[in-house]
Amino acid sequence: MDKFRIIGKRPLEGRVRVSGAKNAALPCMAAALLTSETVILHNLPYVRDIITMRRLIEDMGGLVLMPEQRTLKIKADPIQFFEAPYELVKTMRASVLALGPLVARFGQASVSLPGGCAIGQRPIDFHLMGLTKLGAKIELVGGNVVAKADRLQGADVYFDQVTVTGTENLMMAAALAKGRTVLHNAASEPEVVDLAVLLNRMGARIMGAGTATMTIEGVERLNGAEHTIIPDRIETGTLLAAAAATKGNLEITDCCPDHLTAVIDKFRETGLMIEQISDVALRVEYAPLNAADITTQPFPAFPTDMQAQYLAVMTQAEGSAVVTETIFENRFMHVSEMLRMGAHITLRGNQAIVRGHSQLTGANIQASDLRASASLVLAGLAAEGETVIDRVYHIDRGYERIEEKLRSLGAQMERFRG
Ligand code: EPU
């Protein structure tokens, strides 16, 4: 299994390009299942989850070509198997994004029910409730969600809680339903908006994406389209955190600062100097950091996907920060590993109280999920001596060649088999 070895305490300096957003790319790839025509996607990040989604589409019978790096041409025709098997769903929960498109276009789908994962139980009951409202008949058969429908019918769908992939699944299903669907308490994340842009290019009629109420007028059929995936706001935030944790200075390019206003504002509050140098570029310069509290919330508030990385930075700030996680019930797996590196963190329910500044020291530690892995890399970069991180396959799911990017900025970091 691959591991990372990091020798810490080297300030990161230089310019770095942000990749495309994994969490926008995955639903956009699933959207290609809605049409028999070709969907071309550019700026896909080269990460494991994209390879898994590609395999899922190919296993169904779809044709996926890569004419150039970071571009995929997807032709979901003919689709012969309407299934996302356990083998794939267990490695990537986002496989559930196949459910809405398959049931809408073919009237049938079987998707293995994802189990709990490292960060929480993560049920998909809102997805199923919404599809049922649109007229799908859903049964659980041998651990699989089996959905059947004649043509879906538009309906009013109320989400009890904001769900990103739940909203995306319903947008895709409603795009081909008969009549009007209104999604209430819909997710407004930039990735949801990116999907709406692609779907509208494919001929869908989606209004209100980016707000809590989305209206979708169903159409008979969708066509092919070409689309460029938005920059990854979480990678951008992780790079800001890397500059903060290593006392570095970075220019971060090909990003979209408007998508991470809450993160930028919070880092500024800690003292980090962040200048927006263009619509797509940021300059970040280290300045001594003071602790500041955060609470994770749906967009546009501070994202749960940046909580672990922010917590790593808070170990290096003066004073105490309260980090409150409201989205996932078990998203503090990184804390026990940071304690082994000398951090002062107390866990109380859904809050972590971080007392800084701590002199972290390198240790052998284990990654537990994607964003936790990123936070451990940051802790390793800030620590004195050598850190070895095991199970880095978690980080490969969502960060494109992170060790190469960080090395190009002066980090002493290598991947090895061990
Ligand atoms: N929830 C339910 N029932 C549902 C759906 C969600 O109870 O049917 C709960 C979840 O358990 C959670 C909350 O609602 O407590 C929000 O979950 P959401 O559905 O929004 O999460 P998701 O769609 O499964 C996406 C991202 C996650 C990101 C969350 C929150 C993708 C592929 N994944 O997950 O990204 O943390 O939204 O923003 O878009 C990551 O990239 O590391 C990652 C975990």
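All values derive from a computational prediction rather than experimental measurement. Indexing begins at 1, ligand by ligand and atom by atom, following the structure's order.
Taken to the nearest 0.5 Å, the CZ atom of F4 stands 5.5 Å off from the CD1 atom of I395.
The closest approach between any non-hydrogen atom of R122 and ligand 1 is below 4.0 Å. Not a single heavy atom of G398 sits under 4.0 Å from any atom of ligand 1. Residue H127 places a heavy atom less than 4.0 Å from ligand 1. Taking 4.0 Å as the cut-off, R93 does not count as a neighbour of ligand 1 on heavy-atom distance.
A salt bridge is absent between D396 and R48: the closest approach of a Lys/Arg side-chain nitrogen to an acidic carboxylate oxygen does not fall below 4.0 angstrom. Using a 4.0 Å cut-off between charged nitrogen and carboxylate oxygen, D254 and R15 do not count as a salt-bridge pair. With respect to the salt-bridge test (charged N to carboxylate O, under 4.0 angstrom), the residues E386 and R5 qualify. Taking a cutoff of 4.0 Å between a charged side-chain nitrogen and a carboxylate oxygen, E58 and R55 do not qualify as a salt bridge. The existence of a salt bridge linking K266 and E269 is confirmed by a sub-4.0 Å separation between a basic side-chain nitrogen and an acidic carboxylate oxygen. The pair R201-E226 fails the salt-bridge criterion, with no side-chain N (NZ, NE, NH1 or NH2) lying under 4.0 Å from an Asp/Glu carboxylate O. Here R415 pairs with E403 in a salt bridge; the nearest charged N to carboxylate O distance falls below 4.0 Å. Residues E37 and R221 are paired through a salt bridge, judged by an N-O separation under 4.0 Å between the basic side chain and the carboxylate.
Counting heavy atoms under 4.0 Å from ligand 1, residue V162 touches it through the backbone alone. Of all the heavy atoms of D125, the ones lying under 4.0 Å from any atom of ligand 1 are found in both the backbone and the side chain. Using a 4.0 Å cut-off between heavy atoms, R331 contacts ligand 1 through its side chain alone, with no backbone atom that close. Looking at T165 against ligand 1, both its backbone and its side chain come within 4.0 Å, counting heavy atoms. In Q161, the part holding a heavy atom less than 4.0 Å from any atom of ligand 1 is the side chain. Heavy atoms of V164 found under 4.0 angstrom from ligand 1 belong to the backbone as well as the side chain.
The shortest contact between atom 7 (O) of ligand 1 and any protein heavy atom is with P123 CG, 3.4 Å. The closest protein non-hydrogen atom to atom 19 (O) of ligand 1 is T163 OG1, 2.6 Å.
Evaluated by nearest non-hydrogen atom to atom 12 (C) of ligand 1, the leading choice among N23, T296, I327, D160 is I327. Distances from atom 2 (C) of ligand 1 to the heavy atoms of F159, F299, F126 put F126 nearest.
Between E168 and ligand 1, a contact under 3.5 Å exists for no N or O pair. For ligand 1, none of its N or O atoms has an N or O atom of T304 under 3.5 Å away. Checking only distances, R371 does come within under 3.5 Å of ligand 1, N or O to N or O. Annotation: F328 places no N or O atom under 3.5 Å from an N or O atom of ligand 1; distance criterion only. The shortest N/O to N/O separation between A94 and ligand 1 does not fall below 3.5 Å. Annotation: G166 places no N or O atom under 3.5 Å from an N or O atom of ligand 1; distance criterion only.
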_The test is side chain to side chain donor-acceptor pair (under 3.5 Å); show your working for S110 and E83 and say whether it passes._
CA-CA 5 Å; S110 169; E83 198 188 346; 5.0 Å; no
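Using bins of under 30°, 30° to 60° and over 60° for the plane-to-plane angle, the ring pair F126/F159 lands in the perpendicular bin.
Side chain of E139 to main chain of V146: no donor-acceptor pair is present (N/O by atom type, distance under 3.5 Å, no hydrogens or angles).
The shortest distance between side-chain heavy atoms of I264 and P257 falls below 4.5 Å.
Heavy-atom contacts of D305 reach the following atoms of ligand 1: 27 (C), 28 (C), 35 (O), 36 (O), 40 (C), 41 (O), 42 (O), 43 (C), 44 (C) (cutoff under 4.0 Å).
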